[in-house]
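Below is one structure; the comments refer to it alone.
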Amino acid sequence: MTSLRNKIVLITGSSSGIGRSTAIRFAAEGANILICARREERLESLAQELRTTHNVKVHTFTLDVRDRAAVERSIGGLPAEWKDIVLLVNNAGLSRGLDTIQEGKTDDWDEMIDTNVKGLLYVTRAVLPGMIARSEGHIVNIGSVAGHWVYPKGNVYNASKFAVTALNEGMKMDLLGTPIRVTSVDPGLIETEFSIVRFHGDEERAKNVYKGMTPLSPDDIADTIVWAATRPAHVNISTVVMMPTDQSSPTLVHRRTTP
Ligand code: NDP
Ligand code: 8X3
């Protein structure tokens, strides 16, 4: 088993949902946690919770992963005791809108591609050389079932998550011959703030996404990430596709009530 005790774990998008749960789970494993996102207050309150509950070190910094210069500055400028990142969870991401291509909002497209694809690349580029130099590291990319199956009106979000699937595979190839591991965790429906963000704050519409079915929880995903990260060093979990029992593809969901 690989132990993360006293190791440094960086989780992007840790102010909510999967990222927040993952920070809590790794703190419970005794890891020291680097958390970042755009909402500073949330990071500070999570940091406090991790320190008091798990007695680990936590360092927070605000970061918009779309801002390449800020990514380089923040990660390059980490205090010396926080530089040796052993596990990077590329989690920051979002969907905006559910529209046909012909009606799609180009600002939504930019935001998804800039965050889910370019942001993931910028952070990876800033962290990976250090892992290679130290011969120790693991990158976990949060993809989606949307990166395996296209669904109607998913278009650009699907494309961004298909890109994550491709990048995950490409990273593993490029890192062959190094001890660095690469994993993608690709879930279906999870109840987080994801749908509220997708529908630009329409909470009623967001609630309907999970109506009459039992979605995954962010803790389910965090458990899987911890499991992948704690396999023995010679084991690389490539891809985990996981869905609620009530879901068998992005478009096939069993509901006990009609939404
Ligand atoms: P949440 O909306 O709950 O969390 C998203 C996180 O990403 C927040 O912490 C947010 O922080 C952060 N984030 C968004 N944009 C940026 C940015 N530009 N820079 C830095 N951080 C950013 O959703 P989830 O936890 O569900 O989403 C996490 C990941 O899981 C995403 O990649 C998503 O695509 C993926 N996913 C989600 C599924 C679901 O059904 N929920 C299913 C499959 C995959 P802040 O706003 O403070 O910056
Ligand atoms: C989120 C899951 O099905 O809404 O990636 O695309 S889905």
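Order of listing sets the numbers, starting from 1, for every ligand and every atom in it.
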Ala37 N/O to ligand 1 N/O under 3.5 Å = no
Taking atom types as modelled and ignoring hydrogens, do the side chains of Asp186 and Thr165 form a donor-acceptor contact shorter than 3.5 angstrom?
-> no
Looking at ligand 1, does any of its N/O atoms fall within less than 3.5 Å of an N/O of Val65?
-> yes
Could you list the atoms of ligand 1 found under 4.0 angstrom from a heavy atom of Pro187?
-> 42 (C), 43 (C), 44 (C)
Output yes when Asp64 and Arg66 qualify as a salt bridge under the 4.0 Å nitrogen-oxygen rule, no when they do not.
-> yes
For Arg20 and Glu193, run salt bridge (charged side-chain N to carboxylate O under 4.0 Å, His left out): C-alpha distance rounded to whole Å, both residues' side-chain angles, the deciding distance at 0.1 Å, then the answer.
-> CA-CA 11 Å; Arg20 186 177 192 285; Glu193 293 175 16; over 6 Å; no
Could you name the option among Gly93, Gly19, Ala92, Gly17 that has the heavy atom nearest to atom 5 (C) of ligand 1?
-> Gly93
Contact check: Gly13 vs ligand 1, nitrogen or oxygen atoms, below 3.5 angstrom | yes
Polar proximity ligand 1 side, Thr192 side, N/O cut 3.5 Å exclusive | yes
Closest by any non-hydrogen atom to atom 48 (O) of ligand 1: pick that one out of Arg38, Lys118, Met112.
-> Arg38
Would one find more than 12 heavy atoms of other residues, nucleotides or ligands at under 6.0 Å from atom CZ of Arg68?
-> no
Side chains of Asp219 and Ser21: do they bring a donor and an acceptor to under 3.5 Å?
-> yes
Location of contacts on Asn91 toward ligand 1, heavy atoms closer than 4.0 Å = both
Under a 4.0 Å heavy-atom limit, does Thr115 contact ligand 1 with its side chain, its backbone, both, or neither?
-> side chain
Please list, by chain and number, the protein residues whose heavy atoms come under 4.0 Å of ligand 2.
-> Ser144, Ala146, Tyr151, Tyr157, Phe194, Arg198
Would you check whether Lys161 reaches within less than 4.0 Å of ligand 1, judged by its heavy atoms?
-> yes
Closest to atom 25 (O) of ligand 1 among Thr12, Ile18, Val164 (heavy-atom distance) | Ile18
Decide side-chain hydrogen bond (donor to acceptor under 3.5 Å, both in side chains) for Ser217 and Asp220; before the verdict, give the C-alpha distance in whole Å, the side-chain angles of both, and the deciding distance to 0.1 Å.
-> CA-CA 5 Å; Ser217 75; Asp220 296 326; 3.3 Å; yes
